[in-house]
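Before any comments, here is the structure.
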Amino acid sequence: MPEFQAPKGVPEYFPPRSSAFLTVREALAFPAQHAGYGYIELPVFEDTALFVRGVGESTDVVSKEMYTFTDRGDRSLSLRPEGTAGVIRSIVENRLDKGTLPVKLWYAGPFFRAERPQHGRYRQLQQVGIEAVGGDDPALDAEVITLADEAYRRLGLRQYRLDLTSLGCAQCRPAYREVLTNFLAQLDLDEPTRARAALNPLRVLDDKRPEVHDQLGDAPLMVDHLCAECRDHYDSVRGFLRDARVQWQEAPRLVRGLDYYTRTTFEFTHELLGAQSGIGGGGRYDGLMESVGGDALSGIGFGLGTDRTLLACEAEGLDVGAGPRVDVFVVPISDAARHVSVGLLAELREAGIRADMAYGGRGLKGSMKAADKSGAPRVVIIGEDEVAAQNVQVKDMQQGSQQAMTREEVVGELRRSIMEESQ
RNA sequence: GUGGGUGUAGCUCAGCUGGUAGAGCGCUGCGUUGUGGUCGCAGAUGUCGCGGGUUCAAGUCCCGUCACUCACCCCA
(Lines give C-alpha, C1' and ligand atoms only; values in the text may rest on other atoms or scores of the structure.)
Protein backbone atom coordinates (compact mmCIF):
# COMPACT_ATOMS: atom_id res chain seq x y z
CA MET A 1 0.00 0.00 0.00
CA PRO A 2 1.58 3.29 -1.08
CA GLU A 3 2.07 5.97 1.52
CA PHE A 4 -0.02 8.45 -0.41
CA GLN A 5 -3.26 7.81 -2.19
CA ALA A 6 -5.43 10.11 -4.28
CA PRO A 7 -8.25 11.62 -2.24
CA LYS A 8 -11.30 9.43 -1.85
CA GLY A 9 -13.60 9.37 -4.82
CA VAL A 10 -11.26 11.21 -7.18
CA PRO A 11 -10.72 9.45 -10.51
CA GLU A 12 -7.44 9.64 -12.38
CA TYR A 13 -6.88 9.07 -16.07
CA PHE A 14 -3.55 7.83 -17.33
CA PRO A 15 -2.44 6.01 -20.49
CA PRO A 16 -3.90 4.24 -22.25
CA ARG A 17 -7.36 5.27 -20.99
CA SER A 18 -6.49 8.95 -20.74
CA SER A 19 -6.52 9.26 -24.52
CA ALA A 20 -10.12 8.05 -24.51
CA PHE A 21 -10.90 10.63 -21.85
CA LEU A 22 -9.43 13.41 -24.00
CA THR A 23 -11.32 12.22 -27.03
CA VAL A 24 -14.58 12.21 -25.11
CA ARG A 25 -13.99 15.69 -23.77
CA GLU A 26 -13.20 17.03 -27.21
CA ALA A 27 -16.21 15.32 -28.72
CA LEU A 28 -18.55 16.78 -26.11
CA ALA A 29 -17.30 20.31 -26.79
CA PHE A 30 -17.05 20.01 -30.56
CA PRO A 31 -20.68 20.67 -31.58
CA ALA A 32 -20.91 23.79 -29.40
CA GLN A 33 -17.64 25.15 -30.78
CA HIS A 34 -18.98 24.67 -34.27
CA ALA A 35 -22.19 26.43 -33.34
CA GLY A 36 -20.29 29.58 -32.44
CA TYR A 37 -20.05 29.19 -28.69
CA GLY A 38 -17.00 30.95 -27.25
CA TYR A 39 -14.74 29.39 -24.66
CA ILE A 40 -14.78 30.62 -21.08
CA GLU A 41 -12.21 29.66 -18.46
CA LEU A 42 -13.55 30.07 -14.95
CA PRO A 43 -12.26 29.87 -11.39
CA VAL A 44 -12.52 26.50 -9.73
CA PHE A 45 -13.60 28.15 -6.49
CA GLU A 46 -15.97 31.00 -5.90
CA ASP A 47 -17.58 32.97 -3.11
CA THR A 48 -19.70 30.44 -1.21
CA ALA A 49 -22.65 32.80 -1.30
CA LEU A 50 -22.75 32.64 -5.10
CA PHE A 51 -23.67 28.97 -4.97
CA VAL A 52 -25.97 29.35 -2.00
CA ARG A 53 -27.91 32.05 -3.80
CA GLY A 54 -27.58 30.79 -7.35
CA VAL A 55 -27.94 27.04 -7.02
CA GLY A 56 -30.23 27.18 -4.02
CA GLU A 57 -29.78 26.77 -0.31
CA SER A 58 -32.27 23.93 -0.12
CA THR A 59 -30.54 21.77 -2.71
CA ASP A 60 -28.51 18.78 -1.54
CA VAL A 61 -25.66 19.96 -3.71
CA VAL A 62 -25.31 23.14 -1.71
CA SER A 63 -26.56 22.07 1.70
CA LYS A 64 -24.43 18.98 2.14
CA GLU A 65 -22.10 18.34 -0.75
CA MET A 66 -19.94 21.44 -1.09
CA TYR A 67 -16.27 21.65 -0.26
CA THR A 68 -16.29 24.92 1.66
CA PHE A 69 -13.28 26.53 3.29
CA THR A 70 -12.12 29.84 4.68
CA ASP A 71 -9.12 31.49 3.07
CA ARG A 72 -6.47 33.58 4.79
CA GLY A 73 -8.54 36.71 4.40
CA ASP A 74 -11.39 35.02 6.24
CA ARG A 75 -13.50 34.76 3.11
CA SER A 76 -15.79 31.76 2.71
CA LEU A 77 -15.01 30.04 -0.56
CA SER A 78 -16.33 26.85 -2.10
CA LEU A 79 -15.02 24.52 -4.76
CA ARG A 80 -17.52 24.85 -7.59
CA PRO A 81 -20.16 22.10 -7.49
CA GLU A 82 -21.53 23.02 -10.94
CA GLY A 83 -20.78 25.42 -13.73
CA THR A 84 -23.77 27.61 -14.47
CA ALA A 85 -23.57 29.89 -11.43
CA GLY A 86 -19.96 30.76 -12.22
CA VAL A 87 -20.70 31.48 -15.87
CA ILE A 88 -23.57 33.77 -14.95
CA ARG A 89 -21.45 35.53 -12.34
CA SER A 90 -18.75 36.14 -14.94
CA ILE A 91 -21.26 37.43 -17.48
CA VAL A 92 -22.60 39.92 -14.95
CA GLU A 93 -19.20 40.93 -13.58
CA ASN A 94 -17.60 41.37 -17.01
CA ARG A 95 -20.74 42.78 -18.62
CA LEU A 96 -20.69 40.20 -21.34
CA ASP A 97 -24.43 40.70 -21.69
CA LYS A 98 -24.04 44.26 -22.93
CA GLY A 99 -23.33 43.23 -26.50
CA THR A 100 -25.28 41.10 -28.90
CA LEU A 101 -27.54 38.59 -27.28
CA PRO A 102 -27.63 35.75 -26.65
CA VAL A 103 -24.19 35.32 -25.12
CA LYS A 104 -23.04 31.82 -25.99
CA LEU A 105 -20.28 30.21 -23.98
CA TRP A 106 -18.80 26.78 -23.38
CA TYR A 107 -16.54 25.50 -20.64
CA ALA A 108 -14.91 22.30 -19.45
CA GLY A 109 -13.24 21.25 -16.27
CA PRO A 110 -13.53 19.71 -12.83
CA PHE A 111 -16.36 20.17 -10.37
CA PHE A 112 -16.54 19.01 -6.80
CA ARG A 113 -19.22 17.37 -4.72
CA ALA A 114 -18.60 15.53 -1.46
CA GLU A 115 -20.91 12.62 -2.16
CA ARG A 116 -20.35 9.00 -1.33
CA PRO A 117 -18.35 7.68 -4.29
CA GLN A 118 -19.83 5.13 -6.60
CA HIS A 119 -19.10 3.89 -10.10
CA GLY A 120 -19.65 7.05 -12.14
CA ARG A 121 -20.16 9.26 -9.11
CA TYR A 122 -17.00 11.08 -8.18
CA ARG A 123 -16.01 13.79 -5.78
CA GLN A 124 -14.06 15.46 -8.53
CA LEU A 125 -16.17 15.16 -11.63
CA GLN A 126 -15.45 16.43 -15.10
CA GLN A 127 -18.04 18.25 -17.11
CA VAL A 128 -18.35 20.02 -20.43
CA GLY A 129 -21.06 22.65 -20.43
CA ILE A 130 -22.58 25.43 -22.48
CA GLU A 131 -24.78 28.39 -21.65
CA ALA A 132 -26.83 30.58 -23.98
CA VAL A 133 -27.85 33.65 -22.03
CA GLY A 134 -30.13 36.54 -22.92
CA GLY A 135 -33.06 35.20 -24.88
CA ASP A 136 -36.02 32.95 -24.34
CA ASP A 137 -36.46 31.91 -27.95
CA PRO A 138 -37.59 28.27 -27.83
CA ALA A 139 -35.33 27.62 -30.82
CA LEU A 140 -32.45 28.28 -28.46
CA ASP A 141 -33.72 25.59 -26.11
CA ALA A 142 -33.82 23.22 -29.06
CA GLU A 143 -30.31 24.22 -30.13
CA VAL A 144 -28.80 23.48 -26.74
CA ILE A 145 -30.48 20.08 -26.58
CA THR A 146 -29.50 19.31 -30.15
CA LEU A 147 -25.85 20.11 -29.49
CA ALA A 148 -25.77 17.66 -26.59
CA ASP A 149 -27.44 14.96 -28.64
CA GLU A 150 -25.01 15.57 -31.48
CA ALA A 151 -22.05 15.24 -29.12
CA TYR A 152 -23.16 11.82 -27.95
CA ARG A 153 -23.94 10.68 -31.47
CA ARG A 154 -20.54 11.76 -32.74
CA LEU A 155 -18.93 9.47 -30.21
CA GLY A 156 -21.00 6.62 -31.56
CA LEU A 157 -23.23 6.22 -28.53
CA ARG A 158 -26.57 4.59 -29.20
CA GLN A 159 -28.00 3.26 -25.97
CA TYR A 160 -28.95 6.55 -24.42
CA ARG A 161 -32.23 8.39 -24.03
CA LEU A 162 -33.34 11.98 -23.82
CA ASP A 163 -35.98 12.82 -21.21
CA LEU A 164 -37.75 16.13 -21.63
CA THR A 165 -40.28 18.16 -19.72
CA SER A 166 -41.20 21.67 -18.66
CA LEU A 167 -40.99 22.80 -15.07
CA GLY A 168 -43.12 25.90 -15.55
CA CYS A 169 -42.23 29.40 -14.46
CA ALA A 170 -42.62 31.82 -11.56
CA GLN A 171 -46.25 32.29 -12.63
CA CYS A 172 -47.50 28.73 -12.82
CA ARG A 173 -45.16 26.68 -10.67
CA PRO A 174 -46.18 28.04 -7.25
CA ALA A 175 -49.82 27.12 -7.90
CA TYR A 176 -48.85 23.64 -9.06
CA ARG A 177 -46.54 23.26 -6.12
CA GLU A 178 -49.46 23.83 -3.82
CA VAL A 179 -51.58 21.25 -5.62
CA LEU A 180 -48.76 18.74 -5.39
CA THR A 181 -48.09 19.49 -1.74
CA ASN A 182 -51.73 18.82 -0.92
CA PHE A 183 -51.58 15.56 -2.83
CA LEU A 184 -48.41 14.43 -1.05
CA ALA A 185 -49.86 15.33 2.35
CA GLN A 186 -52.40 12.53 2.11
CA LEU A 187 -49.82 9.86 1.26
CA ASP A 188 -48.12 7.47 3.64
CA LEU A 189 -44.53 8.73 3.63
CA ASP A 190 -41.65 8.33 6.05
CA GLU A 191 -40.17 11.27 7.87
CA PRO A 192 -37.15 11.99 5.61
CA THR A 193 -39.41 11.95 2.59
CA ARG A 194 -41.86 14.35 4.26
CA ALA A 195 -39.01 16.67 5.02
CA ARG A 196 -37.94 16.48 1.41
CA ALA A 197 -41.50 17.18 0.29
CA ALA A 198 -41.60 20.27 2.48
CA LEU A 199 -38.34 21.52 0.97
CA ASN A 200 -39.09 20.67 -2.63
CA PRO A 201 -42.20 18.59 -3.33
CA LEU A 202 -41.17 18.08 -6.97
CA ARG A 203 -38.27 15.99 -5.74
CA VAL A 204 -40.55 13.29 -4.36
CA LEU A 205 -41.87 12.60 -7.85
CA ASP A 206 -38.78 10.77 -9.04
CA ASP A 207 -38.23 8.74 -5.88
CA LYS A 208 -37.23 5.27 -7.02
CA ARG A 209 -38.31 3.36 -3.91
CA PRO A 210 -41.33 1.22 -4.73
CA GLU A 211 -43.15 2.08 -1.51
CA VAL A 212 -43.07 5.74 -2.56
CA HIS A 213 -43.29 5.26 -6.29
CA ASP A 214 -46.42 3.10 -6.04
CA GLN A 215 -48.37 5.87 -4.35
CA LEU A 216 -47.59 8.36 -7.09
CA GLY A 217 -49.73 6.80 -9.79
CA ASP A 218 -52.14 9.71 -10.12
CA ALA A 219 -50.00 12.50 -8.75
CA PRO A 220 -50.68 15.87 -10.37
CA LEU A 221 -48.05 16.77 -12.99
CA MET A 222 -46.48 20.10 -13.80
CA VAL A 223 -47.11 19.69 -17.52
CA ASP A 224 -50.85 19.67 -16.82
CA HIS A 225 -50.62 22.91 -14.86
CA LEU A 226 -48.48 25.05 -17.16
CA CYS A 227 -49.62 28.59 -17.83
CA ALA A 228 -50.41 29.58 -21.40
CA GLU A 229 -46.97 31.09 -22.01
CA CYS A 230 -45.14 28.05 -20.72
CA ARG A 231 -47.42 25.76 -22.66
CA ASP A 232 -46.69 27.65 -25.89
CA HIS A 233 -42.99 27.73 -25.16
CA TYR A 234 -42.84 24.01 -24.54
CA ASP A 235 -44.83 23.25 -27.68
CA SER A 236 -42.46 25.37 -29.74
CA VAL A 237 -39.41 23.72 -28.26
CA ARG A 238 -40.77 20.33 -29.25
CA GLY A 239 -41.53 21.58 -32.70
CA PHE A 240 -37.98 22.79 -33.17
CA LEU A 241 -36.61 19.54 -31.84
CA ARG A 242 -38.60 17.72 -34.49
CA ASP A 243 -37.11 20.05 -37.10
CA ALA A 244 -33.66 19.12 -35.83
CA ARG A 245 -34.65 15.45 -35.91
CA VAL A 246 -33.86 14.86 -32.25
CA GLN A 247 -35.62 11.97 -30.55
CA TRP A 248 -36.91 12.39 -27.02
CA GLN A 249 -39.26 10.96 -24.46
CA GLU A 250 -41.78 12.94 -22.46
CA ALA A 251 -40.76 12.75 -18.80
CA PRO A 252 -43.37 14.65 -16.80
CA ARG A 253 -41.77 13.55 -13.52
CA LEU A 254 -38.28 14.65 -14.40
CA VAL A 255 -36.87 16.86 -11.65
CA ARG A 256 -33.53 18.52 -11.41
CA GLY A 257 -31.57 18.96 -8.24
CA LEU A 258 -30.67 22.58 -8.83
CA ASP A 259 -33.27 25.18 -7.91
CA TYR A 260 -32.73 27.58 -10.77
CA TYR A 261 -34.38 25.53 -13.50
CA THR A 262 -37.58 26.79 -15.09
CA ARG A 263 -39.51 25.78 -18.19
CA THR A 264 -37.53 23.46 -20.48
CA THR A 265 -35.68 20.79 -18.56
CA PHE A 266 -33.93 17.72 -19.90
CA GLU A 267 -31.68 14.85 -19.02
CA PHE A 268 -29.75 12.26 -20.99
CA THR A 269 -29.45 8.81 -19.44
CA HIS A 270 -27.53 5.78 -20.55
CA GLU A 271 -29.09 2.36 -20.12
CA LEU A 272 -25.87 0.48 -19.40
CA LEU A 273 -24.67 2.64 -16.54
CA GLY A 274 -26.59 1.41 -13.50
CA ALA A 275 -27.65 3.80 -10.76
CA GLN A 276 -25.52 6.72 -11.95
CA SER A 277 -27.05 6.72 -15.39
CA GLY A 278 -27.32 10.44 -16.06
CA ILE A 279 -24.70 11.38 -18.63
CA GLY A 280 -25.87 14.93 -19.11
CA GLY A 281 -28.64 17.33 -18.32
CA GLY A 282 -29.71 20.92 -18.23
CA GLY A 283 -32.49 23.35 -18.78
CA ARG A 284 -33.67 26.91 -18.81
CA TYR A 285 -33.24 29.30 -15.93
CA ASP A 286 -35.25 32.51 -15.73
CA GLY A 287 -34.40 34.01 -12.37
CA LEU A 288 -30.79 33.00 -11.90
CA MET A 289 -29.05 36.02 -13.37
CA GLU A 290 -31.19 38.44 -11.46
CA SER A 291 -30.68 36.58 -8.20
CA VAL A 292 -26.93 36.96 -8.69
CA GLY A 293 -27.23 40.70 -9.13
CA GLY A 294 -27.52 41.02 -12.90
CA ASP A 295 -30.25 41.96 -15.32
CA ALA A 296 -33.29 39.71 -15.53
CA LEU A 297 -32.10 37.74 -18.53
CA SER A 298 -33.18 34.20 -19.20
CA GLY A 299 -30.71 31.55 -20.20
CA ILE A 300 -30.42 27.89 -21.03
CA GLY A 301 -27.56 25.46 -20.83
CA PHE A 302 -26.37 21.95 -20.22
CA GLY A 303 -23.70 20.09 -18.32
CA LEU A 304 -22.43 16.85 -19.80
CA GLY A 305 -20.56 14.40 -17.63
CA THR A 306 -17.19 13.59 -19.16
CA ASP A 307 -16.43 10.74 -16.75
CA ARG A 308 -19.80 9.12 -17.25
CA THR A 309 -19.79 9.58 -21.01
CA LEU A 310 -16.46 7.77 -21.10
CA LEU A 311 -17.97 5.01 -18.99
CA ALA A 312 -20.91 4.86 -21.40
CA CYS A 313 -18.58 4.55 -24.39
CA GLU A 314 -16.75 1.73 -22.67
CA ALA A 315 -20.03 0.03 -21.77
CA GLU A 316 -21.02 0.09 -25.44
CA GLY A 317 -17.63 -1.27 -26.44
CA LEU A 318 -16.61 1.81 -28.42
CA ASP A 319 -12.86 2.17 -28.57
CA VAL A 320 -12.70 5.94 -28.63
CA GLY A 321 -9.27 7.51 -28.80
CA ALA A 322 -7.64 4.23 -29.72
CA GLY A 323 -4.71 4.02 -32.09
CA PRO A 324 -0.96 4.46 -31.98
CA ARG A 325 0.50 7.48 -30.26
CA VAL A 326 3.25 7.94 -32.81
CA ASP A 327 3.62 7.56 -36.55
CA VAL A 328 7.30 6.76 -36.59
CA PHE A 329 9.70 5.07 -34.19
CA VAL A 330 13.42 5.52 -34.57
CA VAL A 331 15.86 2.74 -33.66
CA PRO A 332 19.57 3.62 -33.42
CA ILE A 333 22.07 0.78 -33.16
CA SER A 334 25.32 2.57 -32.41
CA ASP A 335 26.49 5.66 -30.55
CA ALA A 336 27.01 7.57 -33.77
CA ALA A 337 23.56 6.45 -34.85
CA ARG A 338 22.08 7.83 -31.66
CA HIS A 339 23.33 11.28 -32.62
CA VAL A 340 21.81 10.94 -36.07
CA SER A 341 18.56 9.73 -34.50
CA VAL A 342 18.22 12.63 -32.12
CA GLY A 343 18.65 15.00 -35.06
CA LEU A 344 16.20 13.10 -37.22
CA LEU A 345 13.66 12.96 -34.39
CA ALA A 346 13.70 16.74 -34.09
CA GLU A 347 13.18 17.12 -37.84
CA LEU A 348 10.34 14.62 -37.90
CA ARG A 349 8.50 16.32 -35.07
CA GLU A 350 9.03 19.71 -36.63
CA ALA A 351 7.48 18.38 -39.80
CA GLY A 352 4.38 17.46 -37.83
CA ILE A 353 5.12 13.77 -37.66
CA ARG A 354 4.51 12.12 -34.31
CA ALA A 355 7.74 10.37 -33.48
CA ASP A 356 9.55 8.59 -30.67
CA MET A 357 12.81 6.65 -30.44
CA ALA A 358 14.39 3.84 -28.49
CA TYR A 359 16.03 5.18 -25.35
CA GLY A 360 18.15 3.48 -22.76
CA GLY A 361 20.72 1.94 -25.05
CA ARG A 362 18.84 -1.30 -25.55
CA GLY A 363 20.02 -3.81 -28.07
CA LEU A 364 18.54 -3.95 -31.55
CA LYS A 365 16.17 -6.69 -30.54
CA GLY A 366 14.93 -4.87 -27.47
CA SER A 367 14.62 -1.65 -29.45
CA MET A 368 12.56 -3.37 -32.12
CA LYS A 369 10.36 -4.72 -29.40
CA ALA A 370 9.86 -1.23 -28.05
CA ALA A 371 9.14 -0.06 -31.60
CA ASP A 372 6.48 -2.72 -31.91
CA LYS A 373 4.89 -1.74 -28.58
CA SER A 374 4.72 1.88 -29.64
CA GLY A 375 2.32 0.86 -32.36
CA ALA A 376 4.13 3.04 -34.88
CA PRO A 377 3.41 1.72 -38.37
CA ARG A 378 6.89 2.72 -39.53
CA VAL A 379 10.28 2.25 -37.94
CA VAL A 380 13.47 4.00 -38.99
CA ILE A 381 16.56 1.91 -38.29
CA ILE A 382 19.98 3.53 -38.21
CA GLY A 383 23.16 1.51 -37.70
CA GLU A 384 26.81 2.00 -38.44
CA ASP A 385 26.38 1.14 -42.11
CA GLU A 386 23.63 3.74 -42.47
CA VAL A 387 25.66 6.39 -40.69
CA ALA A 388 28.54 5.75 -43.09
CA ALA A 389 26.27 5.74 -46.14
CA GLN A 390 24.24 8.72 -44.89
CA ASN A 391 21.01 6.84 -45.29
CA VAL A 392 18.47 5.01 -43.12
CA GLN A 393 16.34 1.87 -43.30
CA VAL A 394 12.60 2.42 -43.18
CA LYS A 395 10.61 -0.62 -42.17
CA ASP A 396 6.89 -1.12 -42.68
CA MET A 397 5.93 -2.95 -39.51
CA GLN A 398 2.75 -4.40 -40.87
CA GLN A 399 4.20 -5.88 -44.03
CA GLY A 400 7.66 -6.47 -42.65
CA SER A 401 9.21 -4.94 -45.75
CA GLN A 402 12.11 -2.55 -45.55
CA GLN A 403 13.79 -0.06 -47.84
CA ALA A 404 16.73 2.31 -47.72
CA MET A 405 16.25 6.06 -48.02
CA THR A 406 18.77 8.83 -47.97
CA ARG A 407 19.02 10.95 -44.87
CA GLU A 408 17.77 13.94 -46.89
CA GLU A 409 14.65 12.34 -48.26
CA VAL A 410 13.34 10.40 -45.22
CA VAL A 411 11.33 13.17 -43.61
CA GLY A 412 9.60 14.11 -46.84
CA GLU A 413 8.94 10.50 -47.78
CA LEU A 414 7.52 9.65 -44.39
CA ARG A 415 5.31 12.69 -44.38
CA ARG A 416 3.97 11.82 -47.80
CA SER A 417 3.09 8.26 -46.87
CA ILE A 418 1.50 9.24 -43.57
CA MET A 419 -0.67 11.81 -45.30
CA GLU A 420 -1.73 9.28 -47.91
CA GLU A 421 -2.78 6.83 -45.25
CA SER A 422 -4.77 9.30 -43.22
CA GLN A 423 -7.10 9.89 -46.16
C1' G B 1 -25.42 10.17 4.71
C1' U B 2 -28.00 4.64 5.10
C1' G B 3 -27.56 -0.62 4.02
C1' G B 4 -24.81 -4.85 1.38
C1' G B 5 -20.29 -6.86 -1.23
C1' U B 6 -15.04 -6.96 -2.23
C1' G B 7 -9.59 -5.94 -1.15
C1' U B 8 -3.79 -11.90 -2.63
C1' A B 9 2.39 -10.23 -7.82
C1' G B 10 1.97 -4.39 -12.79
C1' C B 11 -3.22 -6.65 -14.53
C1' U B 12 -7.24 -10.63 -14.08
C1' C B 13 -7.79 -13.95 -10.44
C1' A B 14 -7.03 -19.25 -7.70
C1' G B 15 -5.84 -20.53 -2.69
C1' C B 16 -11.26 -26.66 0.36
C1' U B 17 -12.71 -27.48 6.70
C1' G B 18 -6.58 -22.02 9.89
C1' G B 19 -0.20 -24.93 9.08
C1' U B 20 4.36 -19.19 7.12
C1' A B 21 1.80 -18.21 -1.19
C1' G B 22 0.22 -19.90 -6.90
C1' A B 23 -1.73 -19.53 -12.33
C1' G B 24 -2.57 -16.82 -16.79
C1' C B 25 -1.36 -12.25 -18.99
C1' G B 26 2.34 -8.57 -18.75
C1' C B 27 7.60 -7.36 -17.78
C1' U B 28 13.19 -8.52 -18.41
C1' G B 29 16.68 -11.72 -20.75
C1' C B 30 18.09 -15.84 -23.99
C1' G B 31 17.16 -18.92 -28.77
C1' U B 32 25.21 -16.77 -31.47
C1' U B 33 27.14 -12.43 -36.06
C1' G B 34 22.17 -5.67 -37.33
C1' U B 35 15.47 -6.43 -36.92
C1' G B 36 9.51 -6.58 -33.71
C1' G B 37 4.75 -9.23 -33.69
C1' U B 38 4.21 -16.18 -33.27
C1' C B 39 6.83 -20.13 -30.59
C1' G B 40 10.30 -22.28 -26.87
C1' C B 41 13.37 -21.55 -22.46
C1' A B 42 14.95 -18.80 -18.18
C1' G B 43 14.23 -14.90 -14.61
C1' A B 44 12.38 -10.79 -11.42
C1' U B 45 8.37 -8.74 -8.49
C1' G B 46 4.12 -9.83 -3.07
C1' U B 47 5.33 -6.80 4.75
C1' C B 48 -1.84 -11.65 1.06
C1' G B 49 -5.13 -3.10 1.77
C1' C B 50 -3.72 -1.28 6.88
C1' G B 51 -4.04 -1.90 12.45
C1' G B 52 -5.35 -4.90 16.45
C1' G B 53 -7.28 -9.60 18.52
C1' U B 54 -8.08 -15.20 18.99
C1' U B 55 -4.54 -19.40 18.25
C1' C B 56 1.22 -23.43 19.10
C1' A B 57 0.10 -21.52 14.06
C1' A B 58 -4.06 -16.67 10.09
C1' G B 59 -4.19 -14.91 3.26
C1' U B 60 -7.79 -18.22 5.64
C1' C B 61 -11.58 -16.72 12.11
C1' C B 62 -13.10 -11.89 15.03
C1' C B 63 -13.00 -6.40 15.62
C1' G B 64 -11.62 -1.73 13.77
C1' U B 65 -9.94 1.24 9.77
C1' C B 66 -8.99 2.74 4.69
C1' A B 67 -10.16 2.09 -0.40
C1' C B 68 -13.14 0.30 -4.22
C1' U B 69 -17.90 -1.51 -5.52
C1' C B 70 -23.72 -2.35 -5.57
C1' A B 71 -28.50 -0.31 -4.12
C1' C B 72 -30.90 3.87 -1.70
C1' C B 73 -30.10 9.00 -1.61
C1' C B 74 -28.07 12.57 -5.04
C1' C B 75 -26.73 13.85 -9.78
C1' A B 76 -22.77 14.69 -14.41
Side-chain angles (χ1 to χ4, degrees), chain A residues 1-3 5-11 14 16 24-25 28 55 59-65 81-84 108-129 148 190 192-193 195-196 200 203-204 206-213 254-258 267-270 273-282 302-312 329 331-334 337 358 360 362-387 393-402:
Chain A
M1 189 47 47
E3 187 180 354
Q5 286 174 269
K8 180 187 174 110
V10 174
F14 41 82
V24 167
R25 191 169 63 186
L28 292 181
V55 179
T59 61
D60 283 22
V61 166
V62 167
S63 65
K64 44 193 185 196
E65 295 172 359
E82 58 92 58
T84 304
F111 297 88
F112 306 86
R113 316 233 266 241
E115 299 181 276
R116 179 133 171 201
Q118 221 172 298
H119 186 61
R121 183 165 80 181
Y122 305 117
R123 292 187 166 188
Q124 175 173 316
L125 55 117
Q126 298 279 343
Q127 252 177 260
V128 171
D190 57 71
T193 311
R196 201 137 47 90
N200 183 351
R203 208 83 72 68
V204 180
D206 71 345
D207 197 307
K208 287 178 215 155
R209 291 172 298 177
E211 64 269 28
V212 178
H213 188 85
L254 177 64
V255 188
R256 312 249 67 223
L258 313 177
E267 184 171 82
F268 289 86
T269 55
H270 193 95
L273 250 37
Q276 309 306 322
S277 61
I279 54 175
F302 66 53
L304 310 182
T306 313
D307 311 276
R308 286 187 188 176
T309 302
L310 171 59
L311 256 16
F329 196 90
V331 171
I333 324 182
S334 70
R362 304 222 260 179
L364 176 58
K365 229 173 152 82
S367 296
M368 284 306 292
K369 216 167 177 178
D372 185 52
K373 297 260 162 53
S374 79
R378 285 195 178 63
V379 174
V380 174
I381 302 164
I382 307 171
E384 279 169 13
D385 296 351
E386 285 73 25
V387 173
Q393 296 292 327
V394 176
K395 179 163 184 170
D396 181 315
M397 292 298 270
Q398 202 156 46
Q399 295 178 3
S401 58
Q402 189 169 309

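Throughout, a chain's letter reflects where its sequence line sits, starting with A, and its residues are numbered from 1.
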Straight-line distance of D60(A) CG to E65(A) CD, nearest 0.5 Å: 5.5 Å
Identity of whatever pairs with rC75(B) - Watson-Crick or G-U, under 3.5 angstrom: none
Touch class at under 4.0 angstrom, heavy-atom based, for R113(A) against every strand present: base
Same-atom distance (P) from rG37(B) to rG29(B), integer angstrom: 12 Å
Residue matched to rC16(B) through Watson-Crick or wobble contacts both under 3.5 angstrom: none
Nucleotide paired to rC11(B) in any strand shown, Watson-Crick or G-U, under 3.5 Å: rG24(B)
Flag, side chain of R121(A) to backbone of R116(A), donor-acceptor distance under 3.5 Å: yes
side-chain contact (heavy atoms from CB on, under 4.5 Å) partner of D307(A), the single match among Q126(A), Q124(A), Q127(A), Q276(A): Q126(A)
P atoms of rG51(B) and rA76(B), separation to the nearest Å: 40 Å
Nearest-nucleotide 5' precedence on RNA chain B, R209(A) against R308(A): R209(A)
Distance between P atoms of rG10(B) and rU17(B) (Å, rounded): 27 Å
Atom-to-atom span, CG of N200(A) to C1' of rC73(B) - whole angstrom: 15 Å
rU45(B) versus rC11(B) - spacing of their C1' atoms, nearest Å: 13 Å
Separation of atom CZ in R196(A) from atom C1' in rC73(B), rounded to whole Å: 7 Å
I382(A) CD1 to I333(A) CD1 distance, which is reported to the nearest 0.5 Å: 9.0 Å
Between P of rC74(B) and CG of L125(A), the distance in whole Å: 17 Å
Rounded interatomic separation in angstrom, taking CD from E65(A) and P from rC74(B): 10 Å
K64(A) side, atom NZ; T59(A) side, atom OG1 - distance, nearest 0.5 Å: 10.0 Å
Distance between C1' atoms of rU6(B) and rU65(B) (Å, rounded): 15 Å
Pairwise distance CG(L125(A)) to CZ(R308(A)) - rounded to 0.5 angstrom: 8.0 Å
Atom C1', compared across rA44(B) and rC27(B): separation rounded to whole Å: 9 Å
rG3(B) and rC73(B), which share atom name P, separated by this distance in whole Å: 16 Å
Identity of whatever pairs with rU55(B) - Watson-Crick or G-U, under 3.5 angstrom: none
Side-chain heavy-atom pair I381(A), Q402(A) within 4.5 angstrom cut-off: yes
Sugar-phosphate or base contact per nucleotide [nucleotides 29-41 of chain B; S, B, -; heavy atom under 4.0 Å]: -----BBBB----
Nearest-Å distance once atom C1' is located in both rA42(B) and rG64(B): 45 Å
Gap between atoms CG and P, on L258(A) and rC74(B) respectively (whole Å): 13 Å
Sugar-phosphate, base or nothing in reach of E115(A), heavy atoms under 4.0 Å: base
Under 4.0 Å protein heavy-atom contacts per nucleotide of nucleotides 65-70 of chain B, with B for base, S for backbone only and - for none: --SSSS
Euclidean distance, R25(A) CZ relative to L304(A) CG, rounded to 0.5 Å: 13.5 Å
R203(A) (side chain) donor-acceptor with V255(A) (main chain) under 3.5 angstrom: no
Mate of rC39(B) where both pairing distances stay under 3.5 Å, Watson-Crick or G-U: rG31(B)
R378(A) side chain vs F329(A) backbone, donor-acceptor pair below 3.5 Å: no
Watson-Crick/G-U partner (both atom distances under 3.5 Å) of rG64(B): rC50(B)
Rounded distance in Å - CZ (F112(A)) to P (rA76(B)): 16 Å
Nearest-0.5 Å distance, CG of residue D206(A) to CD of residue E267(A): 8.0 Å
F302(A) CZ - rA76(B) P separation (whole Å): 13 Å
Nearest-Å distance for atom pair CD/P, residues E267(A) and rA76(B): 7 Å
